[in-house]
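See below for the structure under consideration.
Just so it is clear, the model here is predicted, and its values are computed rather than measured. Sequence positions, counted from 1, serve as the residue numbers for this chain.
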Amino acid sequence: MTIENKTSKFLGITIRKPIKSLLIISLSALLLVVILLAVSPSIVRNQLEKHGKEWVGRKLKINDLSVNYFTSTITLTGTTMFEANDKDQFVSLDSLILDVDPLEYFSSSIVVEQLYIKNLQLNISHKDSIFNVDDLIAFYSSEDQNDTIVEKQEDAYLFSLSDFRLNGGTLNYSDQSHDVTQTLNNLSFYLPHVEWGRGSSKLDASFKLSDGGRFGIASEFDSKKGDYLLHVEMDSLDISAFKPYTKDYLKIGDLTGLAHGKVDISGNLNTVNTLSIQGISSLENFALTDDSGRTFLSAQKVVCPIEKLMPMQSFYALGDISIHAPNVDFELFKESNNFYRSFGLEEPETAPVTHTDTKEETEMPLVYTLKSVQVDEGKLKFTDHTTSSPFVYNFSKVKMDFNEIKSDAHWVNGKASMVLNERGKLEADIGFNPKDAAMNMKVNYVISDFQLSDLNIYSMEYTGYPILYGDMYYKGNIDIDKGKLNLENKLIVHNAEVGNKKGSPFYNLPLKVALFILKDKDGVINMDIPVRGDLNDPQVNIRKIVWRTFGKFLVKTVTSPFRALSNLINVDPGDIREINYTYMDTTLVARREHQLNLLRRLEKSKPGLDIELVYFNDKNKQKEEIAKELNLLDTMKIDSVSKVFDAVRVASVKAYLAKQSNDSTKIKITIPSPTNLKNTGAQPVFEIKYKMQGEEQQDFKIVEE
């Protein structure tokens, strides 16, 4: 029996029929696989669009999805993910290229060789406490909680990502609660390589803000050790974009300025308290306006070097801080000031929250260091609205320089200088305890060329006298030790003149008379006025303490002017206070003539000074002394002798003054009523009274409050 060997040709090749059938089946299967691979991207795309909300949490639209099976590259084109309402665009991109190495999956590795995203647009919105991504977070969180097995499996894989690029991205951020819209344009970054679980990686990124400003970021990360370093550069960031966020805390009209900075942020993900910040930051053309549009705080430039900040450890070390051309407009009102109003500090303090937790919370102590603080070309405008009309004073060319300020320092020293109302000058040495500067400080200062007329409003308010002109040299020393105020004031006033009293002042002070008495022959006034007070008393008002002390000085000067007038002619104050006699003494001896000569010198040296000799004597005691010394019993004789004694004393003084002045003296002799209380118990005496011509003698006093 013969078996026939059947053969045939396929594609020009002679093959056996069984093999031919197998080949046809194989080729058909291969063709089917190719067709499936070719159409599978379209199928996947359609399924993603159909089931996107179910699979990824949001509706999707994909223009094209392609796969290069030879290079394991997936390409998405024209992809959009919608908002939860399925209408508005949440995120979109022109193209996405993902190149993976599937073979590495079998070696427990997920390897992405390239991830490229072009023209990514992302819209983030926020209203109250709700973000437009909250539903996505909830969607993926629920999946994670229900699939712990997958998590454990994924943890066993090593992840590697190379050549990750974002080109031309845009982020639109909308905060509807504060009516803020911000756009980050030209988002781009480049990540050469990162391996999660081993090795280190680097990332470079940059973007621009629509309102102005550029950011650049470069980072290094060791995923195995957890060490990271982030270098951030910020250029010309317009801080006005942050103004809407201040409305809950500040009552301001506008906030402007350009921020710059270069900062390195380093640490370890496994140890949070290692977070460290170093670099330098600056702010140019900074300005704050109040709700009326008036600028009350500004500076041309502020530079703050950051030597080291470790916020988790409450450690802050700053370098040489410089503030160039700051400008402060400060307004004082009866109950507050414009800074309190703008910064929302007028609101009543809420009651402190009481904690029921019995565990003691230990707070980490604050540690800070400022290498130095320097201010130059500063300006301060001070307006006091508590007076009958606003008092305005300008400080310019303000310069301050403070040495290192540390949290553990016991004392800090510095210097300050400024120009007062475009003429006067102030130089000061300042020291304080940084732990409680208000209660522990020392200031030694010198003010020169100060214009007294600048204080005219205060003078009218407190004394009723307008200051016409005059300038002052002022040397002061402020010493506050644990709240105890010790203020030494040494003033030298030149050419001071005040007008006539007007209105109803706060204090009834004899300013005009006091200044007249204090002037020396050259028209110079020297005053030494110490001020004391206790700042620990919350009721203490520094202004009232100063004016009350100044008032006491003026009253004392007028009611007891002997020291001031004695300095004018360089004599003992007692020589021009009174001329004393005994009951049996009527002779104008040399000492009394000397005293009268001194009064004539005063009269010549101080034109406009009225001098009055007021004669007091207890006549009853004088009569008793006459009866005793002269052995007289006749009361009429005793009374006659007593009258002669009084007359001789008065006549001899009058005659001597007339002789010495050729009757040109205006020194008066007054004999008050016998019932005057000063006569009781008095030995014969001429009390010397002084007053300014044209001014009535008054009884002045300061009422203690």
Side-chain angles (χ1 to χ4, degrees), residues 126-127 173-184 208-215 234-261 280-304 318 321-349 373-387 389-400 416 418-422 454 457:
H126 173 222
K127 185 175 182 180
Y173 173 74
S174 174
D175 185 346
Q176 299 176 28
S177 302
H178 296 88
D179 194 23
V180 173
T181 300
Q182 183 61 260
T183 300
L184 278 63
K208 291 183 178 180
L209 298 177
S210 59
D211 294 337
R214 183 187 65 84
F215 279 86
M234 176 178 61
D235 183 37
S236 301
L237 172 65
D238 189 348
I239 66 172
S240 62
F242 301 99
K243 190 262 176 180
Y245 297 102
T246 67
K247 68 179 183 180
D248 296 334
Y249 311 99
L250 306 179
K251 298 178 181 179
I252 61 174
D254 204 0
L255 168 67
T256 59
L258 298 177
H260 311 267
I280 187 169
S281 61
S282 63
L283 185 61
E284 293 181 349
N285 300 321
F286 165 74
L288 271 178
T289 65
D290 57 24
D291 50 14
S292 68
R294 180 179 179 180
T295 301
F296 67 92
L297 182 62
S298 66
Q300 285 188 16
K301 189 171 185 179
V302 180
V303 179
C304 179
L318 303 178
I321 299 175
S322 65
I323 305 174
H324 177 64
N327 197 336
V328 179
D329 191 343
F330 184 84
E331 294 182 277
L332 180 66
F333 304 97
K334 288 186 177 180
E335 301 297 333
S336 183
N337 60 70
N338 63 325
F339 273 72
Y340 273 26
R341 291 180 178 180
S342 297
F343 292 149
L345 300 177
E346 289 184 317
E347 302 296 331
E349 295 184 0
V373 178
Q374 297 176 342
V375 178
D376 68 294
E377 295 298 327
K379 292 182 179 180
L380 167 63
K381 181 180 180 181
F382 174 73
T383 305
D384 188 351
H385 294 281
T386 65
T387 50
S389 58
F391 168 77
V392 181
Y393 201 83
N394 292 288
F395 302 84
S396 60
K397 295 184 179 179
V398 177
K399 184 176 181 180
M400 304 179 74
M418 62 193 71
V419 174
L420 310 176
N421 245 18
E422 300 182 358
D454 291 342
I457 292 176

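Taking CG from Asp376 and CD from Gln300, the interatomic distance works out to 9.0 Å, rounded to the nearest 0.5 Å. Rounding to the nearest 0.5 angstrom, the gap separating the OG atom in Ser389 from the CG atom in Asp384 is 10.0 Å. Atom CZ in Phe391 sits 9.0 Å away from atom OG1 in Thr383 (nearest 0.5 Å). From Thr246, atom OG1 reaches atom CG of Leu255 across 6.5 Å, with rounding to the nearest 0.5 Å. How far CG of Asp235 is from CG of Leu258: 9.0 Å, rounded to the nearest 0.5 Å. Taken from CD in Glu377 to NZ in Lys399, the straight-line distance is 9.0 Å, to the nearest 0.5 Å.
Of all heavy-atom pairs between Gly253 and Lys243, the closest is O-CE, 3.2 Å.
Between Leu420 and Tyr393 the shortest side-chain heavy-atom distance falls below 4.5 Å. At least one side-chain heavy atom of Val328 sits under 4.5 Å from a side-chain heavy atom of Phe339. For the pair Thr295/Asp329, no side-chain contact is recorded, criterion being any heavy-atom separation below 4.5 Å from C-beta on. The side-chain heavy atoms of Val303 and Ile280, taken from C-beta on, include a pair separated by under 4.5 Å.
Without hydrogens or angle criteria, Ser281 side chain to Cys304 main chain gives a donor-acceptor distance under 3.5 Å. Although no hydrogens or angles enter the test, the distance criterion places a donor-acceptor pair under 3.5 Å between the side chain of His260 and the main chain of Ser236. In this structure, Ser342 contributes its side chain and Asp290 its backbone to no donor-acceptor pair below 3.5 Å. Proximity of a side-chain donor or acceptor of Asn421 to a complementary backbone N or O of Asn394 within less than 3.5 Å is detected. Between the side chain of Asn338 and the main chain of Glu331, a donor-acceptor pair closer than 3.5 Å is present.
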Inset, instruction - Mind running side-chain contact (heavy atoms from CB on, under 4.5 Å) on Val392 and Lys381 for me, showing each step along the way? - result: CA-CA 7 Å; Val392 181; Lys381 181 180 180 181; 3.7 Å; yes

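The local environment of CZ in Phe242 is sparse, with at most 12 non-hydrogen atoms from other residues, nucleotides or ligands closer than 6.0 Å.
Both tests pass for Arg341 against the ring of Phe333: distance under 6.0 Å to the centre and angle within 45° of the axis.
Phe382 and Phe330 have parallel rings, their planes meeting at less than 30° on a 0 to 90° scale where 60° marks the start of perpendicular.
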